[in-house]
Amino acid sequence: MSTLTFWKPGTAGPGSTLDRATEEEGNVVQSAPSHGSLSIQAQRERLPIWQHRQKLLHCIEKHGVTIVVGQTGSGKTTQIPQYLLESGWASQGNVIACTQPRRVAATSVAIRVATEVGTLLGDEVGYTIRFEDVSDKERTRICYMTDGMLFRETLIDPLLSRYSAIMIDEAHERSLYTDLLLGVLKKIRRKRPSLRLIVSSATLDARSFLEYFTSGTHPDDATIVSLEGRMFPVEVAYLQEPAPDYVRKAVEVAWNINLQHGAGDILIFLTGREEIERCLEELTELLPTLPRGATQIIPLALHAGLSTEEQLRVFNVTERGMRKVITATNIAEASVTIDGVKFVVDSGFVKIRTYNPTTFLASLSTVPVSQASAIQRAGRAGRTSPGICYRLYPESVFASLPTSTPPEITRTDMTTPILQLKSLGIDDLMKFEWVSAPPAESILRALEGLFAAGMIGDDGLLTPIGERVAECPIEVNIARMLFTSKDFNCGEEILTIAAMISIQDAFVIPDGAPGAIAELERRKFTAEEGDHMTLLNGIFSPHPKVDCLYLVAYNAFTKYGRSSSWCKAHALNFRAMSRAVSIRSQLKKYMIRFNLPLQSCEGDAKRLRQCLVSGYWRNGARWVADGTYRSVKGNKTLYVHPTSVLFTRKPRTGWVVFHEVEETKRTQIRILSEIEPDWLLDYGHKYQHRHAAG
DNA sequence: GAGCACTGC
């Protein structure tokens with residue numbers, strides 16, 4: 001093993017440049033409030049943010065928009081809403097909202113704040129996330145929620161009139177709904193200047209938020225407040241030369257850290273499952289060569305594809321003389337926080353999904369991380385003690401990295417967001433004040449698609465069906481199927497398919513031999529006609545003739561008591577399946593509200609597949625002799641995703657519709673079903689004209 | 001014969 005040469009910049013002090021971490025605002029009230037409110041109050045007063053209390057309240061009072069730059073442990077998420085509550089912002093029935101990009105953050109912060117305030121969760125302090133409304137319409141004064149939930153609320157109450165103050169937390173992450181919300185909130189503030197906004201952001205992005213909120217308004221309308229954090233300093237070391245193979249280099253670095261440093265776990269950032277597995281393999285191969293008496297290494301993987309059980313392993317407490325080496329994807333950058341990590345090894349790369357509106361292709365590509373990401377990753381080493389971050393690239397490379405990752409809104413399909421903005425009465429999208437505008441092509445293609453689907457008319461306004469579809473918490477093409485299911489008498493089945501498509505990864509296929517067994521389990525659910533629809537084999541299905549992979553899996557899941565052990569035995573993801581049950585019941589409510597009949601097609605597979613075409617009419621493809629497909633639009637070569645039951649089989653008719661297309665190494669289509677080619681005309685364009693006219 | 005960054009309604 002060669003000695004590694006890292007260059008450590010003389011003036012480390014990176015504590016000051018470190019970004020905050022996410023959901024954990026540190027300084028938790030560790031125990032239940034058994035000592036009474038006084039001790040909680042004392043603990044709150046010790047928070048770094050406390051000394052800024054008056055300044056913050058003054059800024060919020062005086063300025064419409066306060067941008068709070070808060071570092072880890074500053075306590076902004078838990079304290080600012082409480083300061084507002086204490087100074088009367090929630091009087092006269094007003095509510096203080098605080099949004100989070102993730103569900104876990106919204107719930108865990110709400111639990112903590114309810115304790116600090118000394119109230120039951122769901123009473124004075126509550127939270128609202130999809131499927132869970134733990135708040136009281138009359139009594140709740142502070143409500144934590146996902147940004148998507150608050151955006152949805154604007155569809156019902158466009159001025160968000162029940163809120164006196166809204167805090168948009170983690171705004172620098174620039175999630176799709178954060179961006180949409182900020183745009184709508186700027187508009188709301190023109191009509192309702194009394195509304196106060198608090199935008200919480202990392203250092204690097206604060207200036208751009210300030211510029212956004214001052215442009216076209218009074219320059220005094222927005223201000224920045226900086227808070228200190230309670231982060232430990234993290235020293236940053238760079239490689240002198242770029243590494244030709246960062247996975248191998250990561251192994252080498254981790255190995256040397258283990259030999260040279262005392263206690264503290266190691267967190268390695270890689271881009272995906274494949275790299276993680278290779279990294280763990282190489283590390284495991286080295287283990288027998290570990291010198292006697294050296295710290296033992298426990299190699300661990302962390303990525304979204306793992307089951308909950310496997311993910312929880314990274315939190316296991318290690319014994320003395322042992323060290324966890326956690327090899328993770330970007331999930332560990334913000335979503336999952338592991339205390340006890342003292343060393344971070346950063347490959348400097350990330351997999352990012354982008355959308356090309358011209359080709360309608362989503363692609364997943366590996367790109368260099370942004371500076372903001374690199375700083376955030378480094379911060380993961382300083383949560384419980386001072387740490388070191390090893391960046392597997394030279395410092396000159398860091399300087400050349402983009403400051404931040406392009407916001408999601410610039411690299412995603414805008415069809416649904418634009419439908420929702422239209423539903424909000426924002427018809428002139430060119431005049432909408434985007435924080436970052438999506439590419440013009442993206443807006444045009446989305447409008448074109450909405451027009452073709454009959455969601456907007458010649459005048460650019462929503463059609464009656466468009467108005468209803470905008471309310472549905474599901475993609476436009478799937479919503480369209482829900483509406484047309486009325487004509488095919490298959491509402492029950494489409495509802496299930498819609499729910500199953502909304503979850504990712506219903507099937508768990510692990511690596512190696514267990515994977516092969518899981519694959520066999522999965523095949524029990526499948527047969528001939530595709531992923532949505534397959535024939536027979538349906539030992540579980542009430543309607544053997546319409547054994548759709550998803551229908552069968554779903555029906556079997558509910559039939560066998562929604563049990564997690566049953567899922568495990570049949571290679572299904574229990575969490576995902578439970579979610580499908582929730583989504584289905586939510587969508588069912590919408591169907592009832594829109595008077596859509598919940599009929600079963602009683603085994604008529606043909607009608608069901610015709611209904612699929614009414615949503616997927618632009619996603620047609622034709623089989624060609626080499627086993628690939630050609631898209632109906634654009635004649636592009638498409639490869640079947642290996643998880644499809646049609647991966648190895650030619651469809652009888654030679655024609656399919658598919659749910660989505662994604663560019664990785666190849667252009668692949670996922671979730672496909674065999675169709676008759678005529679249907680593309682009959683059930684696609686026919687509906688297009690009918691609904692566009694009506 | 002071959003593959004899966006991460007959220008959210």
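Throughout, protein chains are lettered first and strands after them, A, B, ... in sequence-line order, and every chain is numbered starting at 1. We use all heavy atoms of the structure for the numbers below, so side chains are in, but hydrogens, waters and symmetry mates are not. These numbers were taken from a predicted model, which means no experiment stands behind them.
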Asks: Rounded to whole Å, how long is the line connecting atom NZ of A:K588 with atom P of B:dC9?
Replies: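 Nearest whole value for this atom pair: 22 Å.
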Asks: What's the separation between atom OH in A:Y616 and atom CD in A:E660, rounded to the nearest 0.5 Å?
Replies: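 Rounded to the nearest 0.5 Å, the OH-CD separation comes to 8.5 Å.
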Asks: Please determine if a side-chain N or O atom of A:T366 lies less than 4.0 Å away from the OP1 or OP2 oxygen of B:dA5.
Replies: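 No, because none of the side-chain N or O atoms of A:T366 sits under 4.0 Å from OP1 or OP2 of B:dA5.
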Asks: Measuring from the side chain of A:Y177 (C-beta onward, heavy atoms only), which nucleotide among B:dG8, B:dG3, B:dG1 has the closest atom?
Replies: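 Comparing B:dG8, B:dG3, B:dG1 against the side chain of A:Y177, the answer is B:dG8.
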Asks: Looking only at side-chain atoms of A:P642, point me to the closest of B:dA5, B:dA2, B:dC9.
Replies: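 Of B:dA5, B:dA2, B:dC9, B:dA2 is nearest to the side chain of A:P642.
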Asks: A:T416 or A:R353: which one's nearest nucleotide on DNA chain B is closer to the 5' end?
Replies: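 Mapping each residue to its closest nucleotide by heavy atoms, the 5'-most match is A:R353.
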Asks: Does A:F483 have A:R468 sitting over its ring (NZ/CZ under 6.0 Å from centre, angle to axis within 45°)?
Replies: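 No; the conditions do not both hold, so A:R468 does not lie above the ring face of A:F483.
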Asks: Between A:E408 and A:L176 (side chain of the first, backbone of the second, donor and acceptor by atom type, cut-off under 3.5 Å), is there such a pair?
Replies: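 Judged by distance alone, yes, a pair lies under 3.5 Å.
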Asks: Just how far, in rounded Å, is C1' of B:dC6 from CG of A:L176?
Replies: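 In whole Å, B:dC6 C1' and A:L176 CG are 13 Å from each other.
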Asks: Is any side-chain nitrogen or oxygen of A:Q100 closer than 4.0 Å to OP1 or OP2 of B:dG8?
Replies: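 The answer is no; no side-chain N or O of A:Q100 sits under 4.0 Å from OP1 or OP2.
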Asks: Which is true for A:I352 with a 4.0 Å heavy-atom rule: it touches a base, it touches only sugar-phosphate, or it touches nothing?
Replies: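 No contact.
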Asks: Counting only side-chain heavy atoms from C-beta out, which of B:dC9, B:dA5, B:dA2 sits nearest to A:R103?
Replies: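 The nucleotide sitting nearest to the side chain is B:dC9.
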Asks: Could you tell me the separation between the CD1 atom of A:I501 and the C1' atom of B:dG8, rounded to a whole number of Å?
Replies: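 Result: 18 Å.
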Asks: Quick check for you: among B:dC9, B:dG1, B:dC4, whose closest atom lies nearest to any side-chain atom of A:M149?
Replies: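 Taking heavy atoms from C-beta onward, the closest nucleotide is B:dC9.
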Asks: Could you work out which one of B:dA2, B:dT7, B:dA5 sits closest to the side chain of A:T329?
Replies: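 Nearest nucleotide to the side chain: B:dA5.
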Asks: Is there a donor-acceptor contact under 3.5 Å from the side chain of A:R380 to the main chain of A:E333?
Replies: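 Checked: pair present.
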Asks: Classify A:S175 by what it touches in the nucleic acid, base, sugar-phosphate, or nothing, heavy-atom distance under 4.0 Å.
Replies: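 If one applies the 4.0 Å heavy-atom cut-off, A:S175 turns out to touch nothing in the nucleic acid.
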Asks: Separation of A:K351 atom NZ from B:dT7 atom C1', in whole Å?
Replies: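 Interatomic distance, NZ of A:K351 to C1' of B:dT7: 17 Å.
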Asks: When all nucleic acid strands are considered with a 4.0 Å heavy-atom cut-off, which category describes A:F647: base, sugar-phosphate, or nothing?
Replies: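 Counting heavy atoms under 4.0 Å across all strands, the contact made by A:F647 includes a base.
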Asks: Using a heavy-atom cut-off of 4.0 Å across all strands, would you classify A:I129 as base, sugar-phosphate, or nothing?
Replies: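 It contacts sugar-phosphate atoms only.
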Asks: When the nearest nucleotide of DNA chain B is assigned to A:P473 and to A:H303 on a heavy-atom basis, which residue is associated with the more 5' position?
Replies: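 Between the two, 5'-proximity favours A:H303.
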Asks: Rounding to an integer number of Å, can you tell me how far A:Y355 OH sits from B:dA5 P?
Replies: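 Checked: the OH to P distance equals 21 Å.
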Asks: Taking syn as a glycosidic torsion within 90° of 0 and anything else as anti, which one is B:dC6?
Replies: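 Anti, since the glycosidic angle lies more than 90° from 0.
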Asks: OP1 or OP2 of B:dT7 versus the side-chain N and O atoms of A:R174: is any pair under 4.0 Å?
Replies: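 For B:dT7, OP1/OP2 do not have a side-chain N/O of A:R174 under 4.0 Å.
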Asks: Atom CD of A:E277 and atom P of B:dC4: how far apart are they, to the nearest Å?
Replies: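 Taking atom P of B:dC4 as the reference, CD of A:E277 is at 12 Å.
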Asks: Students often get this wrong, so: under 4.0 angstrom with heavy atoms, is A:E274 touching a base, only sugar-phosphate, or nothing?
Replies: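 No contact at all - A:E274 keeps every heavy atom at 4.0 Å or more from the nucleic acid.
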Asks: Does A:K636 offer a backbone N or O that forms a donor-acceptor pair with the side chain of A:S631 under 3.5 Å?
Replies: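 Judged by distance alone, yes, a pair lies under 3.5 Å.
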Asks: Whether A:R278 and A:E282 form a salt bridge (side-chain N of Lys/Arg under 4.0 Å from carboxylate O of Asp/Glu) is what I want to check.
Replies: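 Counted as a salt bridge, because a side-chain N and a carboxylate O are separated by less than 4.0 Å.
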Asks: Are A:R102 and A:E170 close enough for a salt bridge, meaning some N to O gap below 4.0 Å?
Replies: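 No.
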Asks: Calculate the interatomic distance between A:E660 atom CD and B:dG3 atom P; express it in whole Å.
Replies: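 After rounding, the reported distance stands at 16 Å.
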Asks: Would you indicate what A:T664 reaches in the nucleic acid, counting non-hydrogen atoms under 4.0 angstrom: base, sugar-phosphate, or nothing?
Replies: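 A:T664: backbone/sugar contact only, no base atoms under 4.0 Å.
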Asks: Just compare B:dC4, B:dC6, B:dC9 and give me whichever is closest to any side-chain atom of A:R130.
Replies: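 Looking only at heavy atoms from C-beta outward on A:R130, the closest nucleotide is B:dC9.
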Asks: If you check the A:S335 side chain, which of B:dA2, B:dC9, B:dT7 turns out closest?
Replies: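 Per side-chain heavy atoms of A:S335, the pick is B:dT7.
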Asks: For the pair made of CZ in A:R670 and C1' in B:dA5, what is the distance, rounded to whole Å?
Replies: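 To the nearest whole Å, that distance equals 13 Å.
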